[in-house]
Amino acid sequence: MTSLANKQILLGVTGGIAAYKSADLVRRLQDAGASVQVVMTPAAQEFITPLTMQALSGNPVHTELLDPEAEAGMGHIQLARWADLVLIAPATADFIARLTQGMGNDLLTSICLATAAPIAIAPAMNQGMWHNQATQTNLDILIKRKIHIFGPAEGGQACGDVGPGRMLEPLQLVDAAASLFASGSLAGKKVVITAGPTREALDPVRYLSNYSSGKMGYALAQAAAEAGAETILISGPTQLAIPPRVQRIDVISAGEMHAASLAAAQGCDLFIAAAAVADYRPAQIATQKIKKGDADMLTLTLVKNPDIVASIAALTPKPFTIGFAAESENLLEYARSKLERKNLDLVVANNISDSSIGFNSDDNAVTIVEKTNATEISQRSKQQLARELIALFAQKIAAL
Ligand code: PMT
């Protein structure tokens, strides 16, 4: 169970429609053992009343920068010192801009300026505002300042748009907050992992895919969360349950996995591409079911998908980026060529000519391929292998 025992969380609420979820967040933070005090901006109070937040948190809600009831009128300093974590959920585009500028024009921004505690924000906004260059530049600056960015999730939005910008669910935010206090070799680190197959639609009932079960990627996500990392798992269709304390983003096609990976990789320390991504997709998706004709042959035209792990390795700053290589021959040669071509830091190569390891098996055996050396790890369960790999990756990151 996620623990925030004895932690003092200052929850900042800014003015977005997702503010209604902050009420539940208070309860979920308390369930995890935290004490919660709430600060609301004027705009937040248009969406949810301070009375609601007071009743749920059991503490007075703070709304004013100049508070005559606080000792020496310095409420923001007291609150800044009280917090073990300042968590702002939802964080609007406007709040993010003001935080980036270092403004202190309301209670919440003043607390952020004054506090020595870690600050985490859970962005929530329309997808267009999220994609806007101004917002993205602000986030880059906040990441450089070591401010933690939780989410956002993708999906349907209050305005009717679909895309990134939904606030994470309260339990996901509790997990992400807990990971900041976790001990372990990846404590305080953000890890993004792709897993499972992708499906490339041919028509409304058919698709191209492969035999990946997701077991390897899910085992890695579980091991990363156990090592204390804030862990995001971007998963193609699988039958597997979400590992504890892991945030899963469900995708279907390579294109969706590419977009979700780029969004999740912001501020990430380690990116692991364990998914078996379709290299090609049908050039056209038929809108109606393709009918059997008289011809004995049907020719499909395929177009190349974006290379997800290569796109991540091209980011600045670049996370420590790890690819998997599923090879049935010339294992080392092909793995090394992927290492160089995709600008990866390390490749985990599986020999898929043996059906007891690799795709859809419970075990795996791999070779860790780096620029100048290669190390074999013999056959063992994917869970055991994942724990060993995560310990190795943690050492590599610590040595950077
Ligand atoms: O899911 P399981 O049943 O547990 O099986 C695990 C696994 C065998 C799928 C896994 O261990 C594995 O090897 N994953 C990578 C399989 C693969 O497709 O390898 P590749 O050689 O095609 O791709 C090389 C690397 O580039 C991989 O990290 C892949 O995720 C990445 N890639 C590939 C194509 C693409 N368009 N984008 C990518 O990011």
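What you see below is based on every heavy atom in this structure, not just the backbone, and it leaves out hydrogens, waters and symmetry mates. Atoms within a ligand are numbered from 1 in the order they appear, just like the ligands themselves.
At a heavy-atom distance under 4.0 Å, no atom of Asn210 approaches ligand 1. Contact annotation for His258 and ligand 1: no heavy atom of the residue comes within less than 4.0 Å of the ligand. Of all the heavy atoms of Asn350, the ones lying under 4.0 Å from any atom of ligand 1 belong exclusively to the side chain.
Looking from atom 36 (N) of ligand 1 to the surrounding protein, the closest heavy atom is Pro306 O, 3.0 Å. Closest to atom 18 (O) of ligand 1 among all protein heavy atoms lies Ala276 CA, 3.5 Å. Closest protein heavy atom to atom 32 (N) of ligand 1: Lys342 NZ, 3.8 Å. Among protein heavy atoms, atom 30 (O) of ligand 1 sits closest to Ala275 O, 2.7 Å. Summary of contacts: the protein heavy atom closest to atom 2 (P) of ligand 1 is Ser213 OG, 3.3 Å. Nearest non-hydrogen protein atom to atom 14 (N) of ligand 1 is Ala274 O, 3.0 Å. The nearest heavy-atom contact from the protein to atom 34 (C) of ligand 1 is Asp279 OD1, 3.3 Å. The nearest heavy-atom contact from the protein to atom 37 (N) of ligand 1 is Ile308 N, 3.0 Å.
In this structure, Lys7 forms a cation-pi arrangement with Phe181, its terminal cationic atom sitting closer than 6.0 Å to the ring centre and no more than 45° off the ring axis.
Residues Ile357 and Asn350 are not in side-chain contact: their nearest non-hydrogen atoms beyond the backbone lie 4.5 Å or more apart. Within the 4.5 Å cutoff, the side chain of Leu389 has no heavy atoms near those of the Ile272 side chain. A heavy-atom distance below 4.5 Å is not found between the side chains of Arg245 and Thr231.
Close approach of ligand 1 to Lys382 (heavy-atom distance below 4.0 Å) involves ligand atoms 2 (P), 3 (O), 4 (O), 5 (O). Close approach to Lys215 involves these atoms of ligand 1, each under 4.0 Å from a residue heavy atom: 1 (O), 2 (P), 4 (O). Less than 4.0 angstrom separates some heavy atom of Ala273 from each of these atoms of ligand 1: 27 (C), 28 (O), 30 (O). Within ligand 1, counting atoms from 1 as listed, the ones closer than 4.0 Å to a heavy atom of Gly323 are 28 (O). Close approach to Lys338 involves these atoms of ligand 1, each under 4.0 Å from a residue heavy atom: 20 (P), 21 (O), 24 (C). Listed by number with element, the atoms of ligand 1 under 4.0 angstrom from any heavy atom of Asn360 are 2 (P), 3 (O).
Shown here for Trp82 and Ser35, the closest heavy-atom pair between the two residues is CH2-O, 3.6 Å.
Interatomic distance, OG1 of Thr198 versus CD1 of Ile234, reported as 13.0 Å (0.5 Å rounding). Taken from CG in Leu332 to CZ in Arg336, the straight-line distance is 6.0 Å, to the nearest 0.5 Å. Note: Thr109 OG1 to Gln101 CD = 12.0 Å, rounded to the nearest 0.5 Å.
Counting heavy atoms only, Phe324 comes closest to atom 23 (O) of ligand 1 of the residues Tyr218, Phe324, Phe271. The option from Val366, Ile272, Val309, Val348 that lies nearest to atom 31 (C) of ligand 1, judged by heavy atoms, is Val309. Nearest residue to atom 19 (O) of ligand 1 from Ala335, Ala195, Ala326 is Ala326 (criterion: closest heavy atom).
Among the atoms of Ser212, some N or O lies under 3.5 angstrom from an N or O of ligand 1. Polar contact check, Met216 against ligand 1: a nitrogen or oxygen pair lies under 3.5 Å apart. At a 3.5 angstrom cut-off on N or O pairs, Gly217 does not count as close to ligand 1.
For Asp140, there are no salt bridge (charged side-chain N to carboxylate O under 4.0 Å, His left out) partners two or more places apart in sequence or in a different chain. Not counting sequence neighbours, the partners of Lys215 by the salt bridge (charged side-chain N to carboxylate O under 4.0 Å, His left out) test are Asp362.
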Query raised in the report: Hey, mind stepping through Arg27 and Asp24 against salt bridge (Lys or Arg N to Asp or Glu O under 4.0 Å) and telling me if it holds?
Result: CA-CA 5 Å; Arg27 273 286 155 83; Asp24 186 35; over 6 Å; no
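Across Arg380, Lys382, Glu388, a single residue satisfies side chain to side chain donor-acceptor pair (under 3.5 Å) together with Gln384, and that is Glu388.
Ala254 does not count as a contact of ligand 1, since none of its heavy atoms falls under 4.0 Å from the ligand.
Looking at Asp345 and Lys396, no side-chain N of the basic residue comes within less than 4.0 Å of a carboxylate O on the acidic one, giving no salt bridge.
Side-chain N/O atoms of Tyr207 and Ser253 include no donor and acceptor closer than 3.5 Å.
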